[in-house]
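Here the structure comes first, spelled out in structure tokens, and everything after it is commentary.
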Amino acid sequence: MSANEALAARLHEMSQLMDLLGIDSFRSSAHARAARAIESQSTDIALLASDRKALLAVEGIGPKMADKIIEFCKDGKIKEHAELLEQVPQGLLQLLDIPGLGPKTIRIMWQDGKVTDLAGLEKSIADGSILSLPRMGAKSVEKIKQSIAFIKQQGGAGGDGAAPKRLWIGVAQPIADRVVALLQKAGDPGLKVAFAGSLRRGKETIGDIDILAAPRTPDEAGRIMTAFCKMPGIIGVLVSGDVKASVRVGLEGEFGRWGNETVGSGGGIQMDLKMVPPDSWGAAMMYFTGSKEHNIAMRERARKRGLTLTDYGLFPEDDPDKKLGPPHSRGIKSICPADTEEALFKALEVAYAHPETREDLGEIGWKQTPHLIELPDIKAELHAHTTASDGRMSIEELAENAKARGFHTIAVTDHSQSSAVAGGLKVDRLLEHIENIRKASAKVKGITILAGSEVDILADGQLDYPDDILAKLDIVVASPHAGLSQDPITATARLLRAIENPYIHILGHPTGRQINKRPGLSPDMAKLYAAAKLHNVALEINTHWIRLDLRDIHIRGAMEAGCLLAIDSDVHETVDFDNLRYGILTARRGGVTPDRCINTWDSRKLHAWLNRKRK
DNA sequence: CTTGCGCACAAGCCCCACGTGGACGTGGG
């Protein structure tokens, strides 16, 4: 967990504690909002907090919050947090993770039902006393029971307080693809089915998988619902009505088989299906895609124009006090077509925002839609390994694979000598490897094979080969692999030194973080961007879904600073090429345009750029 | 607790579905 994430988690918990204690809800939501603001900062919080003014400039952070943040950075803790924690029983927070139970209900149970933890809750379910709570009936209790079972299976039931884990996008996406195909098959030809939610927005981790379908007849709807609730791997149905359902699916069975990397979510993932009339498709996609913050901002914009934006369309605002019920249910027609998102954006006079950018971080209010990079724009892979180090393919196999993807260039960049576990090449082996690459290059036509290396950035910022060896390589990708728990100042100096090396082209996975595994380095990113621009070094977006490093918010900063980016799949085996889609999504979240990504350049432009450092 | 408007004090992000039980909490984005 990075420092920013740790602080955000702390503030979020403070907000939850306030809810449980029944403290002023505005204070609570101010803390939740501050937590979100911290999460979307690309600067390491320790650096930000060294300048109180900069902290105050962040939307949602006022004087009191700034002091708490500074306190956290100095002492590693917030006194008020500890004080709140003292007033609430240990096991209570965990109950908030149970769907169906919110702060109000938990507070009542705690105050007069003597429930202070999961065991107490289970007891009150067992003896039926839970039913005496307001708004608690058989259906709600059943849902809670199922949720408890799921949480226990996830492993966190010991009371470690761990929030439910989010799945890597690379694990969630193939599952969603299969479900979409399955539902399409259950319907008639031409049925619209799509995934939405954070998956469609391309977030690096996914909480649940949202699927939208637009059946045209009740019969078709019935078949879709049945197929969804009975798909392979189902471990529980939470809700199933006529138009929506929520289920949990295990990752072990038919929809699992993701090798040993499925551990992220423990045992399963929630999937939500919603069915809508075809003429509401666009409005429903907007709603289901989110983000929540984007939706709210869009709906506010509608209200300012005397309109109401809902999941079904755009309506005249005829009922400000909301007494009459949703407009669509009263037979009122949308004032514009609601079958596409584009039509709704247009009617609200907002430039279309791609799903990946819908985070309410400035996209509403664009003069025009930016031209974001797309998958087919990528024409070169500049970071790949062969059997010479830890890859699975020979040079020729690698080149053939790249050619089949339509690339004009593939760079062979095996590990350098310090990466012993990855079979890094000593200088003599590297020289021999270069010869082999030249030979393969003569054999395989129709693609340029570059001789390169992924050179370790040593702890002090030196590169792992001397300059005269680097000079022999067509391309140098320099990456940090070890020493990833350095403090921010040392890490900054280390990476800056690497960027300043005259032979480096690309800074590979700059922070070395691995999602859900380790935080990696927290350098002063602004300094990195400036140096990369000055020395003409491209910053890598490593497309492996465990890395996605640079991450979205850092890419945003790099784009604003005018940097070049490289989107590379760090290929070790054939399937790694398929990770490109995650790199593209992440790049789009950061606002990358094709001109700024060196992998989109035509062969002449790219090679000229590489050669500028080889004179 | 923050913001916005103005230098002290208000007001505070949207809309729908569901279950329960008659108005509100919760979850979905």
Side-chain angles (χ1 to χ4, degrees), chain A residues 11 14-15 18-19 23-37 55-69 80 96-108 131-144 147 196-201 203 207-212 238-246 270-276 280 283-304 307-315 317 319-320 322-323 325-329 355 358-360 364:
Chain A
L11 292 175
M14 287 175 74
S15 158
M18 289 175 191
D19 287 342
I23 295 175
D24 179 14
S25 67
F26 294 114
R27 261 180 79 192
S28 160
S29 56
H31 281 78
R33 189 156 158 238
R36 230 190 96 78
L55 212 47
L56 286 170
V58 177
E59 191 88 358
I61 297 180
K64 290 260 178 70
M65 205 65 77
D67 289 341
K68 288 175 206 182
I69 293 167
E80 191 189 344
L96 280 171
D97 290 335
I98 299 172
L101 280 182
K104 302 258 169 65
T105 313
I106 294 174
R107 182 170 156 77
I108 295 175
L131 288 163
S132 64
L133 292 168
R135 284 174 303 281
M136 197 54 72
K139 273 194 173 178
S140 308
V141 173
E142 185 51 37
K143 188 170 157 188
I144 291 168
S147 301
S198 52
L199 198 53
R200 182 164 180 245
R201 299 204 310 281
K203 280 200 73 161
D208 57 12
I209 295 175
D210 304 307
I211 312 271
L212 199 64
L238 291 174
V239 185
S240 81
D242 292 339
V243 298
K244 84 185 241 189
S246 287
Q270 180 169 332
M271 284 195 218
D272 301 329
L273 169 69
K274 178 155 187 186
M275 293 194 278
V276 296
S280 296
M285 274 299 263
M286 270 180 88
Y287 149 66
F288 225 22
T289 299
S291 66
K292 182 184 172 196
E293 288 73 19
H294 171 89
N295 285 351
I296 289 173
M298 288 289 279
R299 287 167 184 211
E300 275 176 339
R301 185 171 179 104
R303 293 208 76 170
K304 284 209 183 94
L307 300 167
T308 299
L309 176 62
T310 81
D311 319 358
Y312 294 88
L314 187 58
F315 303 91
E317 190 181 10
D319 177 26
K322 300 184 194 82
K323 289 198 183 115
H328 73 277
S329 67
R358 296 183 196 163
E359 299 288 346
D360 192 24
I364 300 169

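Lettering of chains follows the sequences in order, A, B, ..., and the numbering in each one begins at 1. Computation of the quantities below employed the complete heavy-atom set of this structure, encompassing side-chain atoms and omitting hydrogens, waters and symmetry-equivalent molecules. The model shown is predicted, which means the values in this text are computed figures rather than measured ones.
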Least distance between heavy atoms, A/Leu11 atom then A/Ala35 atom: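 A/Leu11 and A/Ala35 have their closest heavy atoms at CB-CB, 4.0 Å.
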
Nearest-Å distance, [atom1] ([X]) to [atom2] ([N])?
X	N	atom1	atom2	result
A/Leu273	B/dA17	CG	C1'	15 Å
A/Arg301	B/dC15	CZ	P	15 Å
A/Lys64	B/dT2	NZ	P	7 Å
A/Met285	B/dG28	CE	C1'	15 Å
A/Lys139	B/dC18	NZ	C1'	9 Å
A/Phe26	B/dT2	CZ	P	14 Å
A/Glu359	B/dC13	CD	C1'	16 Å
A/Glu293	B/dC14	CD	C1'	12 Å

Between [X] and [N], does any side-chain N or O lie under 4.0 Å from OP1 or OP2?
X	N	result
A/Ser140	B/dT20	yes
A/His328	B/dA17	yes
A/Lys274	B/dA17	no

Which nucleotide sits closest to the side chain of [X]: [options]?
X	options	result
A/Lys104	B/dG29, B/dG25, B/dT2	B/dG25
A/His31	B/dC1, B/dG28, B/dG29	B/dC1
A/Asp208	B/dC16, B/dG28, B/dC1	B/dG28

So what does A/Phe288 hit on the nucleic acid, given a heavy-atom distance under 4.0 Å: a base, only sugar-phosphate, or nothing? sugar-phosphate

A/Asp272-A/Gln270 side chain donor-acceptor pair, cut-off 3.5 Å: yes

Please compare A/Arg303 and A/Gly137 by the position of their nearest nucleotide in DNA chain B and report the one closer to 5'.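 Closest to the 5' end, via its nearest nucleotide, is A/Arg303.
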
Using atom [atom1] in both nucleotides, what's the gap between [N] and [M] to the nearest angstrom?
N	M	atom1	answer
B/dG12	B/dG19	C1'	28 Å
B/dA11	B/dC5	P	14 Å
B/dC13	B/dT2	C1'	14 Å
B/dC14	B/dG21	P	28 Å
B/dT20	B/dC15	P	27 Å

Can you label the angle between the A/Tyr312 ring and the A/His328 ring as parallel, tilted or perpendicular, going by 30° and 60°?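 Rings of A/Tyr312 and A/His328: parallel, as their planes differ by under 30°.
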
Is A/Arg358 salt-bridged to A/Glu293, cutoff N-O under 4.0 Å? no

Give a yes or no on whether the backbone of A/Met286 and the side-chain of A/Thr289 come within a donor-acceptor separation of less than 3.5 Å.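 Not at all, since once roles are kept as given, no pair shorter than 3.5 Å links the two residues.
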
